[in-house]
Protein chains: 2
Amino acid sequence: MEATEQKFLSFIQKMQSYNEAISLMFWDLRTGAPKKAVEGRSQVIGNLSSEVFEMSTSEEMESYITELIKPENFETLSEVTQKSLVECKKEFDRNKKIPAEEYKEYVILQSKAEAVWEEAKEKSDFSLFAPFLQKLVEFNQKFVEYWGYEGNKYNTLLDIYEPGITVDILDDVFHQLRERIVPLVHKISEAKAPKTDFLFETFSKEKQREFSMQILKQLGYDFEAGRLDETVHPFAISLNRQDVRITTKYDENDFRTSVFGTIHECGHAVYEQNISEKLEGTPLADGTSMGIHESQSLFFENFIGRHYGFWKKNYQLFKEYAPKAFTDVSLDDYYKAINESKPSLIRIEADELTYPLHIMIRYEIEKALINGEVAVENLPKIWNEKYEEYLGVTPKNDAEGVLQDVHWSGGSFGYFPSYALGYMYAAQFKHKMLEDLPNYDELMENGDYIKVKEWLTNNIHQFGKLKKPLEILQDVTGESLNAQFLIDYLEDKYSRIYGL
Amino acid sequence: MEATEQKFLSFIQKMQSYNEAISLMFWDLRTGAPKKAVEGRSQVIGNLSSEVFEMSTSEEMESYITELIKPENFETLSEVTQKSLVECKKEFDRNKKIPAEEYKEYVILQSKAEAVWEEAKEKSDFSLFAPFLQKLVEFNQKFVEYWGYEGNKYNTLLDIYEPGITVDILDDVFHQLRERIVPLVHKISEAKAPKTDFLFETFSKEKQREFSMQILKQLGYDFEAGRLDETVHPFAISLNRQDVRITTKYDENDFRTSVFGTIHECGHAVYEQNISEKLEGTPLADGTSMGIHESQSLFFENFIGRHYGFWKKNYQLFKEYAPKAFTDVSLDDYYKAINESKPSLIRIEADELTYPLHIMIRYEIEKALINGEVAVENLPKIWNEKYEEYLGVTPKNDAEGVLQDVHWSGGSFGYFPSYALGYMYAAQFKHKMLEDLPNYDELMENGDYIKVKEWLTNNIHQFGKLKKPLEILQDVTGESLNAQFLIDYLEDKYSRIYGL
């Protein structure tokens with residue numbers, strides 16, 4: 001068996017090699033590749049991706065799975081091989097169940113749909129995108145049939161991004177969240193809004209970058225295993241744990257985009273940089289789920305980056321880079337400004353408090369779509385009604401409404417809930433962390449962020465995909481998903497900021 | 001046959017895809033990859049390179065070659081397919097003739113030898129490197145036996161880098177060059193040296209970069225299909241014709257490194273950017289040989305970048321970026337300074353006139369080595385004697401002598417002559433160009449470099465590997481290699497500069 005195990009490990013290591021090359025090309029395209037290179041490079045990425053897909057469903061892969069999964073062989077494998085094998089088998093089964101022709105059609109549809117979505121968004125005309133969205137929904141409905149489902153059809157799609165999470169769980173936690181967030185949002189809308197005009201003073205790109213670099217270093221981002229670049233849509237990307245890059249966008253009239261964006265991506269990156277070395281070259285060397293990943297980025301962004309103590313420590317440093325307007329702004333006023341909460345239309349611009357509501361709206365629509373309970377053509381109306389109901393705001397047009405996110409054009413249904421789950425996970429981790437690090441506020445004030453990072457590494461990062469998301473949650477906090485921690489955090493924080 | 005032709009073209013396009021990914025990883029490693037990424041990335045490059053090598057010698061490749069090379073099939077193919085097939089066959093035959101085990105040993109030896117060479121150079125101790133060099137020579141001697149040879153054994157190695165060039169040709173042209181350059185060097189050593197102290201004034205990296213960018217634009221380098229970055233050992237690299245990147249090194253105490261280095265790499269890059277679109281995705285979308293490539297870089301560096309007219313046009317611009325010391329330096333003094341000729345020990349720092357002598361020394365040593373006419377252990381002595389004989393200088397140690405170049409540690413024998421050939425080709429092209437563009441000096445003064453670039457594109461660039469080097473030379477100049485043009489150029493230029 002040892003020989004087969006070794007061959008299997010080499011095979012998956014080769015797949016990782018290709019993925020690494022693909023990731024570098026992706027990063028390069030979004031950070032500095034010359035304009036004329038884009039089209040050809042996309043084809044190269046396509047070629048290599050096909051190769052990886054073919055390997056994952058190849059006869060060679062099948063033979064490893066068949067052989068190594070036999071109980072008498074399986075028990076002789078290392079834990080890393082065992083779990084890698086299970087990952088590969090899961091993907092193999094999933095991909096093999098879709099007829100090749102159908103999958104090809106779907107891939108072509110995806111790439112067309114994204115272009116059409118862009119045009120539709122630009123023209124703010126949902127009717128252009130509707131027929132494509134209709135087909136994407138139908139494909140996903142068919143896939144769910146191929147893959148099978150338990151309870152709700154949407155569960156099968158949720159499982160791709162967040163194994164273990166179901167509609168029942170989400171309905172429950174989202175209900176709890178909504179019951180408490182909506183009244184809070186109402187109260188805040190009647191309270192006195194903080195002064196924020198200084199946030200929009202011109203702040204040069206170079207200065208923003210220099211300050212962000214300082215902060216990244218403080219937070220424990222390893223620049224010997226990463227770098228910071230500029231892009232249009234910011235992201236963190238892991239080529240492997242020794243090379244995890246961050247990108248950001250600089251808005252000279254709103255430094256928050258880059259400063260909080262960089263701290264957010266830093267959370268993703270620090271996760272990947274601290275995955276255990278022993279998982280290298282396997283599919284386990286990756287964040288365990290979208291939700292856990294988001295829990296790390298949101299932990300960094302909100303529980304560190306928007307913490308009062310963090311700014312008590314760093315506001316003076318910030319002023320060294322920031323425009324003069326900040327000279328006369330007190331720490332308290334600054335803190336209130338960067339924590340302003342206000343219902344808005346665009347998810348990616350939403351504040352900590354209202355953000356989960358944006359996610360719930362998408363979740364409810366997706367669930368209904370996949371279960372055939374709403375018609376695609378009615379989405380703009382449904383969308384707008386929900387925004388009015390949850391947030392008290394109504395989009396003026398489709399571009400700032402139902403067309404705002406790219407996800408559906410890529411056929412990604414089941415992904416959005418991860419954003420809210422990540423937030424709840426983060427609050428749950430934070431609650432537990434306070435038991436181990438009761439002087440958390442002090443750590444923030446002293447700039448001792450490494451202790452927080454180490455706690456996260458010990459409890460979460462190192463395991464990569466060795467543990468499933470709910471397994472991590474259980475192991476770390478001793479219970480399953482619990483929305484109460486996020487609710488408590490939000491009520492406490494915003495009551496204090498707005499003096500409710 | 002059409003189906004087979006299409007499959008063959010897809011297959012080689014896939015190989016090009018992999019090469020493109022490899023090139024990007026190579027570029028990234030040398031321009032900004034994080035430190036800790038280096039080791040893992042080298043492995044990924046290794047994995048993908050093996051894949052390309054395996055494809056080039058695979059049964060699939062063999063079946064395309066066998067089928068398509070049949071005369072009745074061959075004649076139905078497009079010219080591009082025909083010549084791509086011939087390229088693939090040449091490589092297939094070459095690689096297949098070496099027993100797999102032996103090749104593997106050789107690859108391992110290469111990677112070890114490079115590390116040992118580095119150490120030996122650092123310690124300036126040839127005896128460390130000698131046993132590895134001995135084995136590398138022996139491998140190459142064996143390979144020559146496998147591949148076969150006509151006339152001199154060294155011809156087979158020359159053919160890899162410069163098809164059509166033989167020892168007979170080289171002996172002849174090098175003899176002519178030497179006969180005329182050596183006396184010229186002697187005369188210059190007795191003439192009055194130009195003032196050069198201002199060249200070494202502190203010149204900031206940023207200013208050097210800004211000036212270089214201006215020059216690259218003037219020379220027709222397409223920034224929409226390329227970019228300029230910093231590195232330790234400068235190079236130009238083509239990912240494909242739409243993405244050809246330049247790298248350079250900034251020495252704040254000698255701007256010539258970056259300014260002339262950038263112009264040199266620009267010549268390589270403009271070649272690749274202007275290869276015909278119809279060759280895309282085939283092995284023909286590449287410079288036809290090392291020598292022709294070098295002819296383009298040297299044309300740019302010497303015939304444009306060191307031309308009096310070029311500086312008549314650009315000296316004012318240069319002064320806007322350069323340190324104050326240049327304010328009082330006249331154009332004539334500046335021109336003489338950047339064209340100073342002085343025998344030196346290090347090839348890559350040599351001037352236009354003495355450079356070919358450095359190449360001849362290496363050529364003679366390589367030829368003797370491959371033919372078993374000198375012992376490896378005697379190389380330091382031979383090297384030093386030749387430097388004394390050709391250039392009148394003697395290395396103080398091995399580091400500035402026989403160990404200075406990396407090439408042999410990689411097993412590259414037969415490559416060095418390309419540098420001198422490129423120079424002769426360039427002078428020969430220039431002579432012909434003057435017939436078509438008799439106002440060449442005026443073009444230089446007016447900054448009309450695009451006309452020169454267009455001439456080079458029409459006559460050389462566009463063909464990629466569709467034409468062999470000597471075929472291009474013949475088609476463009478109506479004759480085969482002729483050293484006289486370079487000799488005339490050097491005698492004329494240096495006699496004027498030194499008032500001989």
Side-chain angles (χ1 to χ4, degrees), chain A residues 10-29 31-52 54-55 206 221-229 237-246 269 273 277 280-281 285, chain B residues 10-29 31-52 54-55 206 221-229 237-246 269 273 277 280-281 285:
Chain A
S10 298
F11 190 69
I12 60 176
Q13 203 241 343
K14 193 166 153 189
M15 287 170 71
Q16 293 304 313
S17 285
Y18 290 3
N19 280 328
E20 197 167 319
I22 292 168
S23 296
L24 181 66
M25 289 189 278
F26 180 89
W27 170 84
D28 182 66
L29 276 181
T31 53
K35 198 175 148 187
K36 291 181 182 168
V38 176
E39 208 182 313
R41 194 64 30 77
S42 306
Q43 268 187 28
V44 173
I45 291 178
N47 280 347
L48 268 164
S49 303
S50 301
E51 191 63 29
V52 175
E54 279 167 29
M55 289 173 83
E206 292 69 32
Y221 176 72
D222 181 357
F223 274 99
E224 289 197 350
R227 49 182 285 167
L228 172 65
D229 293 270
I237 191 166
S238 170
L239 282 68
N240 61 45
R241 51 188 285 286
Q242 308 275 41
D243 191 352
V244 188
R245 306 182 181 194
I246 294 177
Q273 284 184 336
E277 194 179 345
E280 253 177 27
Chain B
S10 299
F11 190 69
I12 59 177
Q13 203 241 344
K14 195 167 152 186
M15 289 170 70
Q16 293 305 311
S17 285
Y18 290 4
N19 281 329
E20 197 168 318
I22 292 167
S23 297
L24 182 65
M25 289 189 278
F26 180 91
W27 169 84
D28 182 66
L29 275 182
T31 53
K35 197 175 149 188
K36 291 181 182 169
V38 176
E39 207 182 312
R41 194 65 31 77
S42 305
Q43 269 188 29
V44 173
I45 291 177
N47 279 348
L48 268 164
S49 302
S50 303
E51 190 65 28
V52 175
E54 280 168 28
M55 288 173 83
E206 291 69 32
Y221 175 73
D222 181 357
F223 273 100
E224 290 196 350
R227 48 182 287 165
L228 172 65
D229 294 270
I237 190 166
S238 170
L239 282 69
N240 61 45
R241 51 188 285 286
Q242 308 275 41
D243 191 351
V244 188
R245 305 182 182 193
I246 293 177
Q273 285 184 334
E277 194 179 344
E280 252 176 27

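Since the structure is predicted, the reported quantities are computational estimates derived from the model, not experimental observations. Side chains included, hydrogens not; waters and symmetry mates left out as well; all remaining heavy atoms used. We name chains A, B, ... by the order of the sequence lines, and we start the count at 1 in each one.
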Before giving the answer on side chain to side chain contact (heavy atoms under 4.5 Å, CB included), spell out for A:R41 and B:N240 the whole-Å C-alpha distance, their side-chain angles and the decisive distance to 0.1 Å. CA-CA 9 Å; A:R41 194 64 30 77; B:N240 61 45; 3.7 Å; yes

I would like to know whether B:E39 and A:Q242 meet side chain to side chain contact (heavy atoms under 4.5 Å, CB included); could you show each step before the answer? CA-CA 9 Å; B:E39 207 182 312; A:Q242 308 275 41; over 6 Å; no

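Taking B:N47, B:D243, B:L239 one by one and counting their heavy-atom pairs under 4.5 Å with chain A, the maximum is reached by B:D243. With chain A as partner, the option from B:I22, B:L48, B:I45 having the largest number of non-hydrogen pairs under 4.5 angstrom is B:L48. Among the candidates A:V38, A:V244, A:D222, the residue making the largest number of heavy-atom pairs closer than 4.5 Å to chain B is A:D222. Among A:R245, A:K14, A:Q43, the residue with the largest count of heavy-atom pairs under 4.5 Å with chain B is A:R245. Here A:E20 is the residue among A:M25, A:Q13, A:E280, A:E20 with the most heavy-atom pairs under 4.5 Å with chain B.
For the residue pair A:S17 and B:V44, the shortest heavy atom distance occurs at O-CG1, 3.4 Å. The two atoms that bring A:G226 and B:P34 nearest to each other are N-CB, 3.3 Å, heavy atoms only. Heavy-atom minimum distance, B:K36 versus A:A225: CD-CB, 4.1 Å.
Using a 4.5 Å cut-off between heavy atoms, A:Y18 contacts chain B through its side chain alone, with no backbone atom that close. In this structure, no portion of B:R241 lies under 4.5 Å from any heavy atom of chain A. If you measure heavy-atom distances from B:E224 to chain A, the contacts under 4.5 Å come from both the backbone and the side chain. For a residue to count as touching a neighbouring chain, one of its non-hydrogen atoms must lie under 4.5 Å from one of that chain's; by this rule A:E51 touches chain B with the side chain only.
Atom CG of A:D28 sits about 4.5 Å away from atom CG of B:L24, to the nearest 0.5 Å.
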